[in-house]
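In what follows, every heavy atom counts, from backbone to side chain, and hydrogens, waters and symmetry copies are set aside. No experiment lies behind these values; they were computed from the predicted model shown.
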Amino acid sequence: NPDCIWLAESVHAGFGQEARKKGIYSEYDVNLFEAFDIEYEYDIRETFEMVLEGKWDCTNYANALNFQENFYPCPYNKMRFLENHDTKRIIEYVKEEGPLINHTALLYFLKGSTLLNAGQEFVADHTPSLFEKDVIERNTNKDISGLLARLSEIKHNVLSYDDFFEAKVYDSDIMVCTRENKQAKKVGIFSLKGNAKDVFVDLENGVYINEIDQQPVFVVSNTLHCDGWPMILSKRKE
């Protein structure tokens, strides 16, 4: 039915591996794309959580994202999320505002569909029950819904689902991601620990506009200054 979108909630890579080890059938994500339109990104969720817990460098996460880009059929659509009904709240891992905003901006920049968990817009820290009435707490004195709306607008104008994606890590904690096709390039700079640093980017010298906050960003000798907050820059090709 062309009016339906089919979403596969495939399993963690480690779970699938353990199931197959025990002789239990567990389908591979690459095969699921033959029947489903979208898949949860559980294939790299374990890697992401290891990074959040500080056990692995974020280079591991960048490598996992690049693996998806080179392994799945183009165009592929992964359901991207920081949290959902089966995981911990992202605030349990990322407690400071700066890193949380950077992770949120990166979430929207990635290729695929974006999933928001109820209460995420209020930075809720309570994980609600799946089986009992458990109303989402709205009075948290935090509200990032305006940022989410802006990131959604940027995402829908980002490029397309069949453009090229690449993730690199600068100085261990700043993710520099590129989305590119024949017409345009977008570069996202995400300081996942909220640190301010000068960052190398594959952009020509000039003045760019950060699409998130509309502030000017200066690139000199392929270097810009990251003040610890996320940036998304665009360059049209001739």
Side-chain angles (χ1 to χ4, degrees), residues 41 44-45 47-66 80-83 87-110 114-117 119-127 140-155 158 165-179 186-203 208-220 222-234:
E41 59 171 357
I44 63 171
R45 179 67 188 188
T47 299
F48 182 54
E49 290 184 354
M50 291 288 279
V51 173
L52 291 177
E53 292 169 358
K55 297 177 180 178
W56 284 354
D57 186 276
C58 69
T59 301
N60 295 87
Y61 184 47
N63 290 340
L65 291 169
N66 291 332
R80 307 292 183 179
F81 59 91
L82 294 179
E83 60 180 62
T87 70
K88 295 179 181 179
R89 291 285 193 182
I90 185 62
I91 196 65
E92 291 191 36
Y93 296 107
V94 185
K95 300 183 182 302
E96 297 180 6
E97 181 186 15
L100 178 63
I101 296 304
N102 276 275
H103 273 284
T104 302
L106 172 60
L107 171 71
Y108 275 83
F109 191 82
L110 297 176
T114 305
L115 171 68
L116 292 177
N117 192 25
Q120 193 172 337
E121 68 273 38
F122 302 115
V123 196
D125 58 5
H126 170 64
T127 301
T140 62
N141 295 319
K142 298 177 182 178
D143 186 347
I144 62 170
S145 56
L147 171 67
L148 299 180
R150 177 59 186 151
L151 291 172
S152 178
E153 181 181 2
I154 294 171
K155 183 177 184 69
V158 65
F165 172 87
E166 183 179 34
K168 294 182 178 180
V169 175
Y170 185 85
D171 201 14
S172 80
D173 61 359
I174 296 182
M175 190 89 78
V176 180
C177 297
T178 302
R179 293 185 63 170
K186 282 186 183 283
V187 177
I189 300 92
F190 310 100
S191 182
L192 300 185
K193 293 185 178 179
N195 294 324
K197 297 178 182 178
D198 290 338
V199 180
F200 176 85
V201 291
D202 185 17
L203 286 171
Y208 297 81
I209 299 298
N210 182 359
E211 296 186 8
I212 299 175
D213 62 10
Q214 299 299 305
Q215 294 301 305
V217 177
F218 301 89
V219 175
V220 180
N222 300 112
T223 301
L224 57 78
H225 180 69
C226 171
D227 60 3
W229 298 94
M231 292 182 283
I232 296 177
L233 313 177
S234 294

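How far CD1 of I154 is from NZ of K186: 7.0 Å, rounded to the nearest 0.5 Å. To the nearest 0.5 angstrom, C58 atom SG is 13.0 Å from W56 atom CH2. Between the OG1 atom of T114 and the CG atom of L151 there is a distance of 9.0 Å, given to the nearest 0.5 Å. Put simply, CG on D202 and OG1 on T178 are 6.5 Å apart, with the number rounded to the nearest 0.5 Å. Rounding to the nearest 0.5 Å gives a distance of 7.0 Å between CG of N195 and CD1 of I174. For the atom pair CD1 of I209 and CG of L233, the computed distance is 9.0 Å after rounding to the nearest 0.5 Å.
The main-chain N or O of I232 is found under 3.5 Å from a side-chain atom of N210 such that the two form a donor-acceptor pair. Checking side-chain atoms of R150 against main-chain N and O of D213 turns up no donor-acceptor pair under 3.5 Å. With hydrogens and angles disregarded, no donor-acceptor distance shorter than 3.5 Å links the side chain of N102 to the backbone of K193. Put simply, the side chain of K155 gets close to the backbone of L110: a donor and an acceptor are under 3.5 Å apart. Judged purely by atom type and a 3.5 angstrom limit, Y108 has no side-chain atom pairing as donor or acceptor with the backbone of E153. A donor-acceptor contact shorter than 3.5 Å is absent between the side chain of D57 and the backbone of V51.
Contact check for L82 versus F48: side-chain heavy atoms found under the 4.5 Å cut-off. Within the 4.5 Å cutoff, side-chain heavy atoms of I101 are placed close to those of W229. Residues Y93 and E53 meet the side-chain proximity criterion, which asks for heavy atoms closer than 4.5 Å. Here the side chains of I90 and L52 are in contact, with some heavy-atom distance below 4.5 Å. Contact of the C177 side chain with the L106 side chain is registered, since non-hydrogen atoms from C-beta on lie closer than 4.5 Å. Between N117 and F81 there is no side-chain heavy-atom pair separated by less than 4.5 Å. Inter-residue side-chain proximity for N66 and E166 is flagged as met; some heavy-atom pair is nearer than 4.5 Å. The shortest distance between side-chain heavy atoms of R89 and T127 falls below 4.5 Å.
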Working note: I189 + V217, criterion side-chain contact (heavy atoms from CB on, under 4.5 Å); need CA distance, chi angles, decisive distance, verdict. CA-CA 11 Å; I189 300 92; V217 177; over 6 Å; no
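Minimum heavy-atom separation, I212 to P230: CD1-O, 3.7 Å. Nearest heavy-atom pair across Y208 and L203 is OH-CB, 3.8 Å. Minimum interatomic distance between A124 and I91 (heavy atoms only, all atoms of both residues): O-CG2, 3.7 Å. What you find for S191 and G228 is that their closest heavy atoms are CB-O, 3.9 Å.
Residues satisfying the salt bridge (charged side-chain N to carboxylate O under 4.0 Å, His left out) criterion with K95, sequence neighbours excluded, are absent altogether. Contacts of E121 classified as side-chain contact (heavy atoms from CB on, under 4.5 Å), with partners at least two apart in sequence or in another chain: S145, L148. In this structure E92 satisfies the side chain to side chain donor-acceptor pair (under 3.5 Å) test with no other residue, sequence neighbours excluded.
At a threshold of 4.0 Å, the pair K197-D173 counts as salt-bridged, since one of the basic side-chain nitrogens sits closer than that to a carboxylate oxygen.
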